[in-house]
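Have a look at the structure below before the remarks.
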Amino acid sequence: MINLTHKNTLIVIAGPTGIGKTALAIDVAMHFNTEIVSADSRQFYKELKIGAAFPNRKELSAVKHHFIGNLSITDEYNVSKYEQDALQTLETIFTTQTTAVLVGGSGLYLDAVCKGIDELPDPDPELRESIKTLFYENGITALQSKLKLLDPEYYNQVDRDNPKRLMRAIEVCITTGKTYTSLRLSNPKPRDFNIIKIGLFTDREVMYWRINQRTDKMIKDGLIDEAFSLLSFRNYNALNTVGYKELFNYFDKTLTLEEAIDKIKINTRRYAKRQLTWFNKDKNIIWIDINNIKNIYDVLNF
RNA sequence: GGCGUCGUAGCUCAGUUGGUAGAGCAGAGGACUGAAAAUCCUUGUGUCACUGGUUCAAUUCCAGUCGAUGCCA
């Protein structure tokens, strides 16, 4: 049992994909008669209903959800915008409620709400293009030597073979005229609500079995048609997503349908593992076995 | 039934002119600040099918057995 002050409370529900976060969030939100804020970086996009495992119609009508299908795949969006949007939504919810539910599998997005992220510039599309061009034409070593000049300290810390991170750091240095290191403070921002973090887990075997089942169900529910209808948008970041990229390869005939489905399962498992790596680092998470899910109300009995 | 080919890591296979073996994939672990379902890093001991024989030494050569597969009947 957790002793809380008079402040409002945010109940965070985290965990790997397919573990049952959606159903639990709805249960908890109904219990507290409140609303749900989603922190799933793919459920934002209204075109990804099947592949991003949207809550179904019944679930959506049972509890008010925020950030489900609120964007289009062609929209530009990022964690920083999400942080602002989510905080504003929470503020609104807290005008009438003392409790709110935040649920999702995107660790970075969850953290953005819970502790904020540093003040950094949004990407400048033109600059980003030119840095990409540098990379495509001259390779990773060009990025490395550029970053070494701009921010030797960060250069010594980054995973230097990771083009995305090198590019972002270079981009920040150029647009601000400062080093990325000097801006990357990792200072948690104070929030004026209490946070209780719940993590859902189960045996690895069961988790993988659930993922496989869910993938097969998505296919049955029409994932192939959904992906096919989005084929012409494949270059948008929102479609660099498990479930779609593999089916695009099937449409390209570089994979058979069976291979594509297997690949979706494999990539989903890996995604789940990466999520666990992220969440396991967070010592504030109270872990609950999905077989004893009702225990959550002992934890939340405040 | 005869002849041939194959049987090595969870899977697909490489290799050892005889000194007990290595890739890809899968799996495992990790990182993570405006692309995050993204991106990146680390990680390979297994009765070399079984039983005998030759040999200082066999997964490797020989014989037999079993299993797979192809061709002929």
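Quick note on labels: first sequence line is chain A, next is B, and so on, each numbered from 1. Treat the numbers as computed from the prediction; the structure is a model and nothing was measured.
Between the CZ atom of A:Arg269 and the C1' atom of B:rA26 there is a distance of 8 Å, rounded to whole Å. Going from atom CG of A:Asn162 over to atom C1' of B:rA31 covers 9 Å, rounded to whole Å. Summarising the geometry, the separation between CG on A:Asn237 and P on B:rG34 is reported as 12 Å, rounded to the nearest angstrom. Between the CD atom of A:Glu259 and the P atom of B:rU12 there is a distance of 15 Å, given to the nearest Å. A:Leu48 has its CG atom 12 Å from the P atom of B:rA36, to the nearest Å. For the pair A:Leu147 CG and B:rU39 P, the interatomic distance rounds to 20 Å; values are reported in whole Å. Distance A:Glu83 CD to B:rA36 P: 15 Å, rounded to the nearest Å. Between A:Tyr244 atom OH and B:rA35 atom C1' the separation is 17 Å, expressed in whole Å.
The phosphate of B:rG27 (OP1 or OP2) has a side-chain N or O of A:Arg270 nearer than 4.0 angstrom. Residue A:Thr277 places at least one side-chain N or O closer than 4.0 Å to OP1 or OP2 of B:rG30.
Under the 3.5 Å distance criterion, the side-chain polar atoms of A:Asn78 are matched with a main-chain donor or acceptor of A:Ser80. The closest donor-acceptor contact from the side chain of A:Glu246 to the backbone of A:Gly243 lies under 3.5 Å. Side-chain atoms of A:Asp289 come within 3.5 Å of backbone atoms of A:Asn291 as a donor-acceptor pair (strictly under, hydrogens ignored). A side-chain donor-acceptor contact under 3.5 Å links A:Glu226 to the backbone of A:Gly51.
Using modelled atom types, one finds no donor on one side chain facing an acceptor on the other under 3.5 Å when comparing A:Ser106 with A:Arg42. Judged purely by distance below 3.5 Å, without hydrogens or angles, the side chains of A:Asp151 and A:Thr181 pair a donor atom with an acceptor atom.
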Per-pair distances, 0.1 Å, donor-acceptor, side chain in residues 23-37 of chain A, under 3.5 Å, sequence neighbours excluded:
residue : atom : partner  : partner atom : Å
A:Asp27 : OD2  : A:Tyr297 : OH           : 2.6
A:Thr34 : OG1  : A:Thr99  : O            : 2.6
A:Glu35 : OE1  : A:His66  : NE2          : 2.7

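Between A:Leu276 and A:Leu185, the residue anchored closer to the 5' end of RNA chain B is A:Leu276, taking for each the nucleotide with the nearest heavy atom. In terms of position on RNA chain B, the residue among A:Leu183 and A:Asn280 whose nearest nucleotide sits closer to the 5' end is A:Asn280.
Of the residues in residues 199-227 of chain A, those lying under 4.0 Å from RNA chain B by heavy-atom distance are A:Arg204, A:Tyr208. RNA chain B is contacted by A:Ser106, A:Leu108, A:Tyr109 of residues 105-116 of chain A, taking any non-hydrogen atom closer than 4.0 Å.
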Pull out every protein N or O sitting under 3.5 Å from an N or O of nucleotides 41-44 of chain B, one pair per line with the distance.
none

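Between B:rG46 and B:rG10, the two P atoms lie 8 Å apart (nearest whole Å). Comparing the C1' positions of B:rU8 and B:rA23 gives a spacing of 13 Å, expressed to the nearest Å. Between the C1' atoms of B:rU16 and B:rG52, the separation comes to 23 Å (whole Å). B:rU17 and B:rA68 have their P atoms separated by 32 Å, with the value rounded to a whole Å. Separation of the C1' atoms belonging to B:rU42 and B:rA49 is 34 Å when rounded to the nearest angstrom. Using P as the reference atom, B:rA73 and B:rC13 are 29 Å apart when rounded to the nearest Å. Annotation: B:rU45 and B:rU20 have their P atoms spaced 15 Å apart (nearest Å).
With a 6.0 Å cutoff to the six-membered ring centre and a 45° limit on the axis angle, A:Arg274 does not count as a cation-pi contact of A:Tyr271.
A salt bridge does not link A:Glu76 with A:Arg128: none of the charged nitrogens is closer than 4.0 Å to a carboxylate oxygen.
Nucleotide B:rG10 is shown with an anti base, its glycosidic torsion being more than 90° from 0.
Side-chain rings of A:Tyr77 and A:Tyr45 stay apart, their centers remaining 6.0 Å or farther from each other. Ring centroids of A:Tyr82 and A:Phe67 are separated by less than 6.0 Å, placing the two rings close together.
Closest heavy-atom contact between A:Asp192 and A:Lys7: O-CD, 3.5 Å.
Every stem involving RNA chain B, taken as at least 3 paired positions in a row under the Watson-Crick or G-U wobble test at 3.5 Å, is listed here: B:1-7 with B:66-72, B:10-13 with B:22-25, B:27-31 with B:39-43, B:49-53 with B:61-65.
Listed by chain and number, the residues in a side-chain hydrogen bond (donor to acceptor under 3.5 Å, both in side chains) with A:Arg160 amount to none (sequence neighbours excluded).
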